[in-house]
Every structure is written in C-alpha cells, then in structure tokens.
Amino acid sequence: MKDGFPPLQAKLIFSPAAGATPANESARLRQWLEALAAVNIHVDMQQVESADEATAAAARGVRMGFSMIIACGGDGTVASVANALVKTPVQLGILPGGTRNNIARSLGIPLKLRDAVRLLRTGRPHKIGAGLARVGERQRWFLETFTVGLFSALYPHADALQKGDLRQVRGLLTTFMTAPAAQMHIVVDDLSPIEVTAHAMIGVNMPSTGAFFRLAGDIAYDDEHLDIFLYDRLDKLDFLVYGFDVLTGMPEDPAVQRIRARHATIRCRPHLPVMADGFDLGAGDVEVHMEADSLTVISGKNAA
C-alpha cells in the first residue's frame, strides 16, 4: 500500500504537446510517472501521434486485460481512446493536457496534474452515454458533439486558429461566406419527419464544446439523450450574432430549434460535411444514436 492505495496496473496513452521539444516532453513524462507512482499506479506507457493510433493503442489495452486506461492529452486524444472503451467494462481515466479540455471540465476533472492523478484513485466510476455517428461506411463514437454543415466546414480553420495559427483567418472567413445551405429531412426517434432548409445543425452530449461554447445551461452527458440544435431560422448574419451570444453567455435564442433525441437520421441535399468530435466523417446522409451508460469514466465531484 502506498499513500493508502493498493497497487494498480493501468495503461497510459499520451499525445505529445503541440510544439513541445524532446527535452520538455521528457520532463513532462517524468512528472506524470512520479505523480502516478505517488498514488501507487504503475503504467504501461505508449505515445501516439494520431487519433487512429490512440484508438488502436486503447483497443490493445482492452485485449491485454487492463481495468483502467488513462488518456493523457487534449479532447481529441481522450475521445479517440474512448472509442475503444465504449461498451466494455474498462474504466477511462483522464489526465487533461490539451488546449480546451472540455471533456475533463464537464466531468469535474481538475486541470492540475497531481490533482487529476489523485482523482484516478479517489474519483467515482461513473457511467455516461456516448453517441455514435455514421456516414456511409465511416462511423465514430463521440463524447462532445456531432456537427453537420457549416460547423463542420469551419472546424479545421477554427481549431488551428485557436492553437495560434493566424494564417487560418482568411480560410475561416472564406469558408463561412461560401458554405451552402441544404434541404434537410430529419427523422427523430421514429416521429414525423422534419423538413427544413439550413446551413448547419449540431448534436451535443456535454455542456461545453469547441472553444468553451455552452449552447445551453442544462445539457447533461448522462441523461440518455442528445440535444440537437437546428439552425433553420438563421441566415449568416444571424449566425454571427448568435455566435457572439454563445461566447458571452447570453440566453438561448428562441429562433434555434432544440430537439432531444435517442436516435436520428439526417438526409441533406446537397450533402454537407459531417464531423464527430472533430473527426471527419465525410459528406453524406447521417445516422446518429445515443448509447446510454456505455462508457465508464472516473469523474470528480463537480461534474456538470
């Protein structure tokens, strides 16, 4: 027993910090290992460079019989590791190390390393829902959001811009101005179809997404539903005003339709780009499904 904790063998999957030097990365790894050893966690460690590598590494950890797999990095790394753990008994531990850390914030996980490590031993295993988005043969589990249309088209530019690449401003504005609207045929939970024309829609599973956007104050990751926001009553100027309102915490816009769903199919003409937690699924018809209680995570007391 160390610090009152029995020994625990876990797999640690980490993504190098953007722009980190080998020396800085080595120092960061030593800090992680020292903090984990202090609470008697011993890890099989693996560095990954891409989302696919993270998912494959986590899948190997499941096959090797680890009871906990720890994702260390940003939201992309966490979501990629989670893709291999959905519908398994393996617990997901999170050590936040990204730009936004929306998933960690939503789950009440501290951003300080030693506090986050200690939570791995003192936090509660909590079952949450994960969404599955499918476009043709491509599919992806997501913890935060799936997006259709304008949001998906803007994401690569906005993500790079937030990480400091100011060259993306032009591409962001050009994409915003040229992105098309589409006729959308939406069926939610076998109810009557919804027919609208819109530039975008988004399905949300966690309170925060993107650059700390909070689309509503009552979104929960464990309520067995997705919250789908449909922007059929907003033109592009309205979108700019809406985006400012979201950033400044203004009340929800009554012009935005909000639908709660366990399952939805979306057919767009023309086809619009689709993403799940920033992962590109291409353009085409979308099927999304919420799988309740499908992922066990170690969360904190202040989980949203």
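Not measured: the values here are computed from a predicted model.
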In sequence, state the C-alpha distance, the side-chain angles, and the governing distance for Leu281 and Gln139, and then conclude on side-chain contact (heavy atoms from CB on, under 4.5 Å).
-> CA-CA 7 Å; Leu281 293 175; Gln139 66 177 39; 5.7 Å; no

Apply side-chain contact (heavy atoms from CB on, under 4.5 Å) to Thr175 and Leu173, showing your working.
-> CA-CA 5 Å; Thr175 300; Leu173 294 175; over 6 Å; no

Hey, mind stepping through Phe14 and Met45 against side-chain contact (heavy atoms from CB on, under 4.5 Å) and telling me if it holds?
-> CA-CA 8 Å; Phe14 71 95; Met45 188 166 56; 3.4 Å; yes

Which is it for Arg258 and Asp227 under the side-chain contact (heavy atoms from CB on, under 4.5 Å) test, yes or no, and what are the steps along the way?
-> CA-CA 7 Å; Arg258 180 178 177 182; Asp227 288 87; 2.8 Å; yes

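The six-membered or imidazole ring of Tyr231 lies near that of Phe151, with a centre-to-centre distance under 6.0 Å.
Remark: the His289 side chain and the Glu291 side chain contain an N/O donor-acceptor pair separated by less than 3.5 Å. Under the 3.5 Å distance criterion, with hydrogens and angles disregarded, a donor-acceptor pair is assigned to the side chains of Arg30 and Ser26. Side chains of Glu195 and His185: a donor on one and an acceptor on the other come within 3.5 Å. Residues Asp44 and His42 have side chains that never bring a donor and an acceptor to within less than 3.5 angstrom of each other. There is a side-chain donor-acceptor pair under 3.5 Å between Lys127 and Thr296. Side chains of Asn205 and Glu144: no donor on one and acceptor on the other come within 3.5 Å.
One finds the CG atom of Asp293 at 8.5 Å from the NE2 atom of His126 (value rounded to the nearest 0.5 Å). To the nearest 0.5 angstrom, Gln183 atom CD is 10.0 Å from Cys268 atom SG. Between the NE2 atom in His263 and the NE2 atom in His225 there is a gap of 13.0 Å [rounded to 0.5 Å]. For the atom pair Ile202 CD1 and Met275 CE, the distance stands at 12.0 Å (nearest 0.5 Å). Rounded to the nearest 0.5 Å, atoms CD (Glu34) and CG (Leu29) are 11.0 Å apart. Atom CG of residue Asp280 and atom OH of residue Tyr155 lie 11.0 Å apart, to the nearest 0.5 angstrom.
When side chains are defined from C-beta on, Phe142 does not count as touching Val204, because their heavy atoms never get closer than 4.5 Å. Between Trp141 and Lys87, the closest side-chain pair of non-hydrogen atoms falls below 4.5 Å. Residues Lys11 and Ser67 are not in side-chain contact: their nearest non-hydrogen atoms beyond the backbone lie 4.5 Å or more apart. Residues Val43 and Leu33 meet the side-chain proximity criterion, which asks for heavy atoms closer than 4.5 Å. Val286 is listed as a side-chain neighbour of Val148, based on a closest heavy-atom distance under 4.5 Å. Taking 4.5 Å as the limit, some side-chain heavy atom of Ile259 sits within range of a side-chain heavy atom of Ile194. Taking 4.5 Å as the limit, some side-chain heavy atom of Leu95 sits within range of a side-chain heavy atom of Ile70. When side chains are defined from C-beta on, Phe176 counts as touching Leu150, because their heavy atoms get closer than 4.5 Å.
A donor-acceptor pair under 3.5 Å is formed between the side chain of Arg121 and the backbone N or O of Pro6. A donor-acceptor distance shorter than 3.5 angstrom exists from the side chain of Asp238 to the backbone of Asp235, with no hydrogens or angles considered. At distances below 3.5 Å, not a single donor-acceptor pair connects side-chain atoms of Arg124 with backbone N or O atoms of Ser299. At distances below 3.5 Å, at least one donor-acceptor pair connects side-chain atoms of Thr55 with backbone N or O atoms of Ala51. With hydrogens and angles ignored, the 3.5 Å screen pairs no side-chain donor or acceptor of Asp232 with any backbone N or O of Ala198. Asn83 places a side-chain N or O within donor-acceptor distance of the main-chain N or O of Ala79, the cut-off being under 3.5 Å.
Partner of Leu120 under the side chain to side chain contact (heavy atoms under 4.5 Å, CB included) criterion, out of Ile109, Val39, Leu36: Leu36 alone. Applying the side chain to side chain contact (heavy atoms under 4.5 Å, CB included) test between Met206 and each of Asp75, Thr145, Leu107, Ile219 identifies Leu107 as the sole match.
Under a hydrophobic-cluster definition in which Ile, Leu, Val, Met, Phe, Trp and Tyr are linked whenever side-chain heavy atoms come within less than 4.5 Å, directly or via other members, Ile228 and Leu234 are assigned to different clusters. Hydrophobic clustering keeps Phe279 apart from Val81 (ILVMFWY residues linked when any side-chain heavy atoms are closer than 4.5 Å, directly or through intermediates). Val288 and Leu143 are assigned to two separate hydrophobic clusters, defined by single-linkage of ILVMFWY side chains at heavy-atom distances under 4.5 Å. Residues Val274 and Val196 share a hydrophobic cluster, clusters being chains of Ile/Leu/Val/Met/Phe/Trp/Tyr side chains in contact below 4.5 Å. Cluster annotation: Leu85 is connected to Val297 through the hydrophobic network of ILVMFWY side chains, with a link wherever side-chain heavy atoms come within less than 4.5 Å.
Arg260 and Asp223 are joined by a salt bridge, as a carboxylate oxygen and a charged side-chain nitrogen come within less than 4.0 angstrom of each other. With respect to the salt-bridge test (charged N to carboxylate O, under 4.0 angstrom), the residues Arg140 and Asp277 do not qualify. We find that Asp285 and Arg267 are not joined by a salt bridge, their nearest charged nitrogen and carboxylate oxygen being 4.0 Å or further apart.
When all heavy atoms of Glu53 and Val48 are compared, the closest pair comes out as OE1-CA, 3.4 Å. Between Thr77 and Ala71, the shortest heavy-atom contact is O-CB, 4.4 Å. What you find for Trp32 and Cys72 is that their closest heavy atoms are CZ2-SG, 3.0 Å. The minimum heavy-atom distance between Leu272 and His199, with the atom names listed, is CD1-O, 4.1 Å. The two residues Arg100 and Arg105 make their nearest non-hydrogen contact at O-NE, 2.9 Å. Looking at every heavy atom in both residues, Ala116 comes nearest to Pro96 through CB-CD, 4.0 Å.
For Asp190, the CG atom is loosely surrounded, since the number of other residues' heavy atoms within 6.0 Å does not exceed 12. Within a 6.0 Å sphere centred on CZ of Arg269, heavy atoms belonging to other residues, nucleotides or ligands number more than 12. For Glu137, the CD atom is loosely surrounded, since the number of other residues' heavy atoms within 6.0 Å does not exceed 12.
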